[in-house]
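As structure tokens, the structure follows; a few thoughts come after it.
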Amino acid sequence: MGSEASNPGRPTPVKIVIAGGFGVGKTTFVGAISEIEPLTSEAIITQASAGVDHLPELNTKTTTTVAMDFGRISLKNHLILYLFGTPGQDRFHFMWHELSKGAIGAVVLVDTRRLEACFAAVDFFERIGTPFLVAVNTFDGERPYSLDQVREALAVPAGVPMAYCDARRRVDAQAILAKLVEHALATALESVHAT
Amino acid sequence: MIAVEEPELEGKLIRPYTITGGRTGDDLPLIALEALISATPTAFRLRHQFRWEAARIIDLTRKETALVELAARLDVPVGAVRVLVADLASRGAVTIIDPPTGIATTLDGYMYTNLLRKVLDGIRSL
């Protein structure tokens with residue numbers, strides 16, 4: 001499966017997940033650096049209904065449509081980087097697993113006016129061991145809290161990088177992605193040396 | 001499972017799977033969202049044998065295109081595109097380029113760190 005990665009003529013797809021609460025600027029971030037207008041695709045999820053308003057003997061299923069926003073960046077060396085925004089609403093957290101599988105890492109975007117919206121993302125990536133960083137979106141240049149304050153409030157572990165960014169600015173998105181991959185590389189090197 | 005006798009639901013939620021003959025692809029290996037799909041030379045010979053959606057996939061994958069991007073451009077759910085792509089692949093009309101699976105699985109540490117260095121270099125030179 002992974003052998004294609006070493007074939008020089010063919011492109012290799014890689015991905016980074018952009019996570020965070022609803023309305024925190026994930027699609028803005030993707031759009032700031034994507035070479036295409038961010039696209040939306042839908043997945044239909046069928047689940048056994050867990051609602052209390054169903055009669056158990058009907059064995060009903062519910063179908064939910066989850067929308068995923070994503071963008072694309074062609075890099076040199078035949079690499080194509082896809083950026084996936086996670087669905088923000090809590091009820092779609094089960095999609096995070098699929099989005100994160102095989103990801104280089106994740107950017108957790110934070111709006112300091114609604115810190116609580118980011119707890120779930122920080123927890124999730126810490127738990128599944130995906131390298132991540134926390135990017136504090138500075139809406140209109142606002143920096144009401146220091147990065148240390150945000151780290152403490154979100155209980156972000158010491159090794160996780162943090163940075164400010166303006167999600168509308170391409171250079172900021174680029175810097176954040178570079179910082180994330182540096183972190184992912186350092187993490188990978190550590191585990192290589194440990195084995 | 002008793003779900004077979006389930007009455008048909010109405011509207012957009014179910015309709016997409018009519019293009020796959022009702023198959024949901026649960027029996028197929030999962031193609032990653034970012035896996036790149038690429039039409040083979042054979043595809044253009046076979047193109048007329050396929051229905052509209054599959055033929056569109058052949059057209060869109062003249063240049064490698066991710067599964068998730070095909071879904072967006074065709075306005076069809078990801079699951080339905082997976083089934084169509086798997087069909088096309090079994091007929092030799094497309095190839096699927098899987099993403100690297102990371103350090104814990106197929107790629108050894110050296111290859112993976114090498115890949116990350118290339119990605120980093122690529123992002124910095126944007």
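Letters go in sequence order (proteins before strands), and every chain restarts at 1.
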Compare every heavy atom of [Y] with every heavy atom of [X], then report the nearest pair and how far apart it is.
X        : Y        : answer
B:Pro100 : A:Pro13  : CD-O, 3.2 Å
A:Leu39  : B:Ala72  : CB-CB, 3.8 Å
A:Ala103 : B:Tyr112 : O-OH, 4.4 Å

Does [atom1] in [X] sit with more than 12 non-hydrogen atoms of other residues, nucleotides or ligands closer than 6.0 Å?
X        : atom1 : result
A:Glu116 : CD    : yes
A:Tyr145 : OH    : no
A:Glu152 : CD    : no
A:Arg169 : CZ    : no

Name the region of A:Leu81, side chain, backbone, both or neither, that has any atom closer than 4.5 Å to a heavy atom of chain B.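 When you check distances to chain B, only side chain atoms of A:Leu81 fall under 4.5 Å.
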- Message: If I measure from the heavy atoms of chain B, does A:Ile104 come under 4.5 Å with its side chain, its backbone, both, or neither?
- Response: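 Both backbone and side chain.
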Would you compute the distance between atom [atom1] of [X] and atom [atom2] of [Y] and round it to the nearest 0.5 angstrom?
X       : Y        : atom1 : atom2 : answer
B:Glu34 : A:Thr12  : CD    : OG1   : 11.5 Å
A:Ile36 : B:Glu69  : CD1   : CD    : 4.5 Å
A:Ile33 : B:Ile123 : CD1   : CD1   : 7.0 Å
A:Tyr82 : B:Leu67  : OH    : CG    : 9.5 Å
B:Arg73 : A:Ser41  : CZ    : OG    : 11.5 Å
B:Ile97 : A:Arg10  : CD1   : CZ    : 4.0 Å

Side chains of [X] and [Y], heavy atoms from C-beta outward: is any pair under 4.5 Å?
X        : Y        : result
A:Phe70  : B:Leu33  : no
B:Leu116 : A:His183 : no
A:Leu189 : B:Arg117 : yes
A:Glu42  : B:Val76  : no
A:Met68  : B:Val78  : yes
A:Lys76  : B:Ser125 : yes

### Query
So which part of B:Asp121 gets closer than 4.5 Å to some heavy atom of chain A, the side chain, the backbone, both or neither?
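Interface part for B:Asp121: both.
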Pair B:Arg124-A:Glu182, salt bridge (Lys or Arg N to Asp or Glu O under 4.0 Å): steps then yes or no: CA-CA 11 Å; B:Arg124 282 176 177 154; A:Glu182 279 170 20; 2.6 Å; yes
Heavy-atom pairs under 4.5 Å with chain A - which of B:Thr95, B:Leu70, B:Leu126, B:Leu74 has more of them than the others?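 The candidate making the most pairs under 4.5 Å is B:Leu126.
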Do A:Leu75 and A:Val171 sit in one hydrophobic cluster, given that two such residues count as connected whenever their side-chain heavy atoms are within less than 4.5 Å of each other, even indirectly?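 Hydrophobic grouping puts A:Leu75 apart from A:Val171.
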Yes or no on side-chain contact (heavy atoms from CB on, under 4.5 Å) for A:Val181 and B:Lys118, after CA distance, side-chain angles and deciding distance?
CA-CA 10 Å; A:Val181 180; B:Lys118 282 184 185 166; over 6 Å; no
Q. Would A:Glu98 and B:Arg82 count as a salt bridge (Lys or Arg N to Asp or Glu O under 4.0 Å) if you check the C-alpha gap in whole Å, the side-chain angles of each, and the deciding distance to 0.1 Å?
A. CA-CA 14 Å; A:Glu98 178 167 4; B:Arg82 277 199 176 108; 2.6 Å; yes
